[in-house]
Amino acid sequence: MEQRINDYMSKIYSLMGLGLLVSAIFAYLVYNSESLQSIIFGNPFMIWVLIILELGLVVIISGIIKSLPSSTARTLFLIYSALNGLTISVILFAYTLESVFMVFVITAGMFYALSVYARNTKKNLSGWGNFLYAALFGLIIALIVNIFLKSAMFDFILAILGVLIFSGLIAYDNQKLMKLASNIRDKESLSRLAVIGALSLYLDFVNLFLSLIRILGSRR
């Protein structure tokens, strides 16, 4: 049982890390290509097209993964990671590369610490789920409202709340995934579940990073 959980979590972290690498590569490609910049940022509708495509892939991966081969699910996850790299490339223009790298290292350290905590704590974190998802829903609404308010102070407060919420989700999702692995014995099912796990932790990591960059990042 312990070995199966270790192998399963290793698959999740490896796939998640590959997704982050793909996102970083595509973001850097945009940063170094004026033609890609003109395509993505020159057309006001292109960002929305990318966001809609990303949301569609998340729905597909989450909704019909049980009927997909694990290899297809992994491919869709990597396509999603590439699209997300295109959209978040904007932070490379808004913040210095040094601060982006610094915040990425901080995010990675926090992710590691929270994952270790989730693995070793004897506390059942399942009760966190409803609260964290309710808080996340409230955060999304507040972020939309602030698009119109354009309040720097409100944005700073929301960034702090984002750090707290996504830190909690990292610990919660890690423990939830380990419990799921202990109840599944079929290798193909575990492989498909690893894609969902990688997607969940990838989203937690990226959103924690985006919250931290708004607090610690040095703007250009």
Side-chain angles (χ1 to χ4, degrees), residues 4-27 47 49-89 91 104 107-108 110-112 114-115 118-119 125-126 128-130 132-137 139-140 143 162-163 165-184 186-212:
R4 186 166 78 245
I5 292 175
N6 287 338
D7 292 343
Y8 165 71
M9 295 304 293
S10 294
K11 286 183 180 179
I12 289 178
Y13 294 139
S14 297
L15 186 56
M16 172 198 154
L18 181 58
L20 290 172
L21 178 61
V22 169
S23 296
I25 290 172
F26 274 78
I47 287 291
V49 170
L50 290 173
I51 291 173
I52 291 170
L53 286 173
E54 288 180 48
L55 291 174
L57 281 172
V58 170
V59 171
I60 290 172
I61 295 172
S62 303
I64 64 172
I65 191 167
K66 290 183 179 180
S67 62
L68 291 175
S70 57
S71 58
T72 303
R74 283 194 297 270
T75 301
L76 291 175
F77 169 70
L78 294 177
I79 292 173
Y80 170 82
S81 301
L83 291 174
N84 199 42
L86 296 178
T87 56
I88 65 174
S89 63
I91 66 171
F104 182 87
T107 306
M110 290 179 64
F111 181 90
Y112 176 78
L114 290 163
S115 299
R119 181 62 188 269
L125 305 182
S126 59
W128 292 16
N130 291 336
L132 288 170
Y133 286 119
L136 177 59
F137 182 72
L139 178 66
I140 293 171
L143 287 169
V163 170
I165 291 170
F166 290 109
S167 294
L169 282 171
I170 288 171
Y172 168 78
D173 284 338
N174 266 281
Q175 191 179 85
K176 180 182 71 174
L177 291 168
M178 286 186 288
K179 289 181 178 179
L180 287 173
S182 65
N183 296 320
I184 298 177
D186 177 61
K187 287 187 176 181
E188 180 63 18
S189 296
L190 277 174
S191 295
R192 285 197 294 263
L193 188 59
V195 178
I196 286 292
L199 177 62
S200 298
L201 294 181
Y202 171 94
L203 291 171
D204 293 342
F205 186 102
V206 169
N207 283 290
L208 177 60
F209 169 78
L210 293 176
S211 297
L212 284 170

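Residue indices begin at 1 and follow the sequence shown. These numbers were taken from a predicted model, which means no experiment stands behind them.
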List the atom pairs, donor and acceptor, that lie under 3.5 Å between side-chain atoms in residues 77-87 and the rest of the protein, sequence neighbours left out.
{"unit_1": "Ser81", "atom_1": "OG", "unit_2": "Phe77", "atom_2": "O", "d": "3.0"}
{"unit_1": "Asn84", "atom_1": "OD1", "unit_2": "Thr87", "atom_2": "OG1", "d": "3.4"}
{"unit_1": "Asn84", "atom_1": "ND2", "unit_2": "Tyr202", "atom_2": "OH", "d": "3.0"}
{"unit_1": "Thr87", "atom_1": "OG1", "unit_2": "Glu54", "atom_2": "OE2", "d": "3.0"}
{"unit_1": "Thr87", "atom_1": "OG1", "unit_2": "Asn84", "atom_2": "O", "d": "2.9"}

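Remark: Ala24 engages no residue in a side-chain contact (heavy atoms from CB on, under 4.5 Å) (not counting sequence neighbours). For Thr75, the side chain to side chain donor-acceptor pair (under 3.5 Å) criterion is met by no residue, not counting sequence neighbours.
Nearest approach of Lys11 to Ala194, heavy atoms of both residues: CB-CB, 4.3 Å.
Residues Val206 and Ser23 fail the side-chain proximity criterion, which asks for heavy atoms closer than 4.5 Å. The shortest distance between side-chain heavy atoms of Leu57 and Leu53 does not fall below 4.5 Å. Looking only at side-chain heavy atoms (C-beta outward), Leu114 and Asn174 stay at 4.5 Å or farther from each other. Ser115 has its side chain within reach of Tyr13: a pair of non-hydrogen atoms, C-beta onward, lies under 4.5 Å apart. Looking at Phe104 and Phe205, their side chains come closer than 4.5 Å, going by heavy atoms from C-beta outward. Annotation: side chain of Arg119 is in contact with side chain of Asn6 (closest heavy-atom distance under 4.5 Å).
Leu125 CG to Lys179 NZ: the interatomic distance, rounded to the nearest 0.5 Å, is 7.0 Å. Here the CG-CH2 distance, from Asp173 to Trp128, works out to 11.5 Å after rounding to the nearest 0.5 Å. Separating the CG atom in Asp204 from the CD1 atom in Ile165 is a distance of 11.5 Å, to the nearest 0.5 Å.
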